[in-house]
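Only a predicted model underlies this, so the values are computations on that prediction, with no experimental measurement involved. Computed over heavy atoms, backbone and side chain alike; hydrogens, waters and symmetry mates excluded.
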Amino acid sequence: MIFGIGCDIVECKRFESWIHDMKKCMRFFNQEELFQEDWTDTKKIQHLASRYACKEAFVKALGTGFSDFKLKDVFITPDSFEKPILNVSNKAKKLLDSKISNYNIHVTLSHENSCALAFVVIESLEL
């Protein structure tokens, strides 16, 4: 059963200055989801934008907004096939677990030149 669905879209342009400001990136992004130095600027921007959109989509699916947790507590890592996996830690995990105890989180990310999109589904495994 679906517990919640969230979708968010952001303009990539918003993240142009972020790729040169690691201090700012470290405030919002988990170390595991930061870009690789050898990527092009365009790829770095799209990478950050899609992951930021995912954080927004997650809180929409959860139905709480950003309630007393850090954005970097919600982060994307790739699985062995490069599929994005949404990870939730610290206070964000406690909030999620207080809402639902048995779940799967599904995520998809997409980006084009000017926009990045994320879609999150929280699936309840409870009967």
Side-chain angles (χ1 to χ4, degrees):
M1 178 163 78
I2 294 177
F3 174 82
I5 299 171
C7 181
D8 195 65
I9 188 169
V10 298
E11 284 190 85
C12 291
K13 185 177 183 177
R14 176 178 171 191
F15 297 88
E16 285 178 359
S17 66
W18 291 42
I19 64 170
H20 304 292
D21 186 350
M22 286 308 293
K23 189 174 181 178
K24 188 171 192 174
C25 285
M26 294 297 290
R27 278 185 52 216
F28 297 100
F29 296 96
N30 186 291
Q31 180 69 35
E32 294 187 54
E33 66 185 335
L34 290 176
F35 50 81
Q36 297 176 18
E37 290 299 321
D38 63 341
W39 289 357
T40 65
D41 283 357
T42 299
K43 186 170 181 176
K44 289 176 187 179
I45 291 164
Q46 291 172 337
H47 180 86
L48 291 180
S50 63
R51 276 135 186 87
Y52 192 89
C54 188
K55 296 166 191 293
E56 293 274 356
F58 169 74
V59 298
K60 290 174 182 177
L62 189 56
T64 62
F66 290 106
S67 301
D68 194 36
F69 66 85
K70 296 178 182 176
L71 287 176
K72 63 183 177 180
D73 290 343
V74 177
F75 60 99
I76 295 291
T77 56
D79 73 3
S80 60
F81 298 104
E82 298 297 315
K83 177 183 171 191
I85 302 297
L86 187 108
N87 303 275
V88 185
S89 64
N90 301 319
K91 288 184 178 181
K93 175 93 167 109
K94 287 180 184 176
L95 180 61
L96 174 61
D97 289 344
S98 75
K99 296 279 187 184
I100 183 170
S101 60
N102 196 9
Y103 54 84
N104 282 329
I105 300 175
H106 307 277
V107 61
T108 188
L109 307 174
S110 188
H111 48 74
E112 193 50 52
N113 291 331
S114 62
C115 292
L117 172 94
F119 193 83
V120 172
V121 174
I122 302 173
E123 174 190 14
S124 171
L125 302 176
E126 298 172 354
L127 297 177

**OP:** Decide side chain to side chain contact (heavy atoms under 4.5 Å, CB included) for Cys12 and Asn113; before the verdict, give the C-alpha distance in whole Å, the side-chain angles of both, and the deciding distance to 0.1 Å.
**Re:** CA-CA 7 Å; Cys12 291; Asn113 291 331; over 6 Å; no

Quick one: does Leu34's side chain get under 4.5 Å of Met26's, heavy atoms only?
-> yes

Membership question, hydrophobic clusters at under 4.5 Å side-chain separation (ILVMFWY): are Ile85 and Val74 in the same one?
no

CD of Glu32 to NZ of Lys72, rounded to nearest 0.5 Å, is 12.0 Å

Tightest non-hydrogen contact, residues Val10 and Ala49, listed as CG2-O, 3.3 Å

d(Gln46 CD, Lys43 NZ) to nearest 0.5 Å is 9.5 Å

Hey, any chance Leu95 and Ile105 share a hydrophobic cluster, counting ILVMFWY side chains that come within less than 4.5 Å of each other, even indirectly?
yes

(message) I'd like to check Leu96 versus Phe3 (side-chain heavy atoms, cut-off strictly below 4.5 Å). Are they in contact?
(response) no

| message | Working note: Cys54 + Val120, criterion side chain to side chain contact (heavy atoms under 4.5 Å, CB included); need CA distance, chi angles, decisive distance, verdict. | response | CA-CA 7 Å; Cys54 188; Val120 172; 4.0 Å; yes

For the aromatic rings, using the six-membered ring if either is Trp, is the centroid distance between Phe15 and Tyr52 under 6.0 Å? yes

Is Leu48 linked to Ile9 within one hydrophobic cluster, defined over Ile, Leu, Val, Met, Phe, Trp and Tyr using a side-chain heavy-atom separation of less than 4.5 Å? no

(Q) Determine whether Ile76 and Leu86 satisfy the following criterion, side chain to side chain contact (heavy atoms under 4.5 Å, CB included), listing intermediate values before the conclusion. (A) CA-CA 5 Å; Ile76 295 291; Leu86 187 108; 3.9 Å; yes

### Query
Heavy atoms, side chains only, cut-off 4.5 Å: are Glu126 and Tyr103 in contact?
no

Main-chain N/O of Glu33 paired with His47 side-chain donor or acceptor, under 3.5 Å: yes

Checklist entry - Side chain of Lys44, backbone of Ile19: donor and acceptor closer than 3.5 Å? => result no

On a heavy-atom basis, the closest approach of Ala53 and Ala116 is CB-O, 4.2 Å

NZ (Lys99) and CD1 (Ile122) are apart, to the nearest 0.5 Å, by 10.5 Å

Taking every heavy atom of Ser50 against every heavy atom of Ser110, the minimum-distance pair comes out as CB-O, 4.5 Å

Within-4.5 Å side-chain heavy-atom neighbours: Phe29 and Lys55: yes

Can you confirm whether Phe66 sits close enough to Leu71 that some side-chain heavy atom of one is under 4.5 Å from a side-chain heavy atom of the other? yes

(Q) Taking Ser114's backbone N and O only, do any of them form a donor-acceptor pair with Glu11's side chain (distance below 3.5 Å, no angle check)? (A) no

Could you label the plane-to-plane angle of the Phe28 and Trp18 rings as parallel, tilted or perpendicular, counting under 30° as parallel and over 60° as perpendicular? tilted

Test side chain to side chain contact (heavy atoms under 4.5 Å, CB included) on Glu16 and Asp41 and set out the steps.
-> CA-CA 8 Å; Glu16 285 178 359; Asp41 283 357; over 6 Å; no

One should read off an interatomic distance between Asn30 CG and Asp73 CG, to the nearest 0.5 angstrom, of 8.0 Å

- Item | Test item: Asp79 side-chain N/O and Phe81 main-chain N/O as donor-acceptor pair under 3.5 Å | yes

Rounded to the nearest 0.5 Å, the NZ atom of Lys60 sits from the CD1 atom of Ile5 at a distance of 13.0 Å

**Asked** Looking at side-chain heavy atoms only, is the closest gap between Phe58 and Leu62 below 4.5 Å?
**Response** yes

Rounded to the nearest 0.5 angstrom, the CG-CD distance for Asn102 and Glu123 is 9.5 Å

- Query: Are any non-hydrogen side-chain atoms of Arg51 and Leu109 less than 4.5 angstrom apart?
  - Reply: yes

